[in-house]
Participant: 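One structure, as structure tokens, below. Some questions next.
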Amino acid sequence: INAEYGDSLFSNSFTWGVADIEVTTLLSADLSEKRALLSAKPEIHHKFRTPEKRPPAPLSLTFTGFVLAPLLLFIVGTRFLRVNTLNFPTDNHSMPAVFFHILIGAFMVLYTLFWFKINMINTLIYAGFLVIPTYLCGHKVLDHLSSIKEKSD
């Protein structure tokens, strides 16, 4: 096998010998060699690694508690700090706000599904479908809140 390097604008083209190959075919082999090549081969048996031992249930539940603790602290903290929810739109602009919060919840469900069930590519595809309505609803709500603030100033 030769590789030839050159072009009509390349003044000193050259040929480089890459490899030497010897090809044998069944046409030149004896009948006994043909039968040996075409006969049934022994079955291949695979050995798989034994799965690792799972951690005890109390340890798994403790870790789950540590993972869910920030969400619980967030919910308790918003109640304890008396977060102002009076700016939540209640007029005809309330539907985009409700949809925005539902879509944020859908993202959380998607992340949970990614953790337990689906792969990254499918997660990105689903997130791509969720991003556009989330952006549009969030923009509409923020635009409404800024217009209310401008009217009050």
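The structure displayed is predicted, hence computed values, not measured ones.
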Participant: Using the rule side chain to side chain contact (heavy atoms under 4.5 Å, CB included), only one of Val109, Asn122, Thr123 pairs with Phe114; which is it?
Facilitator: Thr123
Participant: With sequence neighbours left out, write down each residue that passes side chain to side chain contact (heavy atoms under 4.5 Å, CB included) with Ile121, or none if nothing qualifies.
Facilitator: Asn119, Ile125
Participant: Shared ILVMFWY cluster between Leu130 and Ile102, side chains joined below 4.5 angstrom?
Facilitator: no
Participant: What are the two closest heavy atoms between Leu103 and Cys137, and how far apart are they?
Facilitator: CD1-SG, 4.4 Å
Participant: Who passes ring pair (Phe, Tyr, Trp, His ring centres under 6.0 Å) against Phe14, sequence neighbours left out?
Facilitator: Tyr5
Participant: So which atom in Asn2 and which in Gly17 form the shortest heavy-atom distance, rounded to 0.1 Å?
Facilitator: OD1-CA, 3.3 Å
Participant: With sequence neighbours left out, which residue pairs that include part of residues 51-65 fulfil the side chain to side chain donor-acceptor pair (under 3.5 Å) condition?
Facilitator: none
Participant: With sequence neighbours left out, write down each residue that passes side chain to side chain contact (heavy atoms under 4.5 Å, CB included) with Leu136, or none if nothing qualifies.
Facilitator: Ile132
Participant: Do His45 and Lys47 touch side chain to side chain, with heavy atoms closer than 4.5 Å?
Facilitator: no
Participant: At what distance, to the nearest 0.5 angstrom, does OH of Tyr126 lie from CG of Leu113?
Facilitator: 9.0 Å
Participant: List, by chain and then residue number, the residues other than Leu61 in its hydrophobic cluster (Ile/Leu/Val/Met/Phe/Trp/Tyr, side-chain heavy atoms under 4.5 Å); write none if there are no others.
Facilitator: none
Participant: For Met108, what are the other residues in its hydrophobic cluster, where any two members join if their side-chain heavy atoms are less than 4.5 angstrom apart?
Facilitator: Phe100, Ile104
Participant: Hey, does Leu142 have a side-chain heavy atom less than 4.5 Å from the side chain of His144?
Facilitator: no
Participant: What is the distance from atom CD1 of Ile148 to atom CG of Asp143, rounded to the nearest 0.5 Å?
Facilitator: 10.0 Å
Participant: Give a yes or no on whether Phe63 atom CZ has more than 12 heavy-atom contacts from other residues, nucleotides or ligands under 6.0 Å away.
Facilitator: no
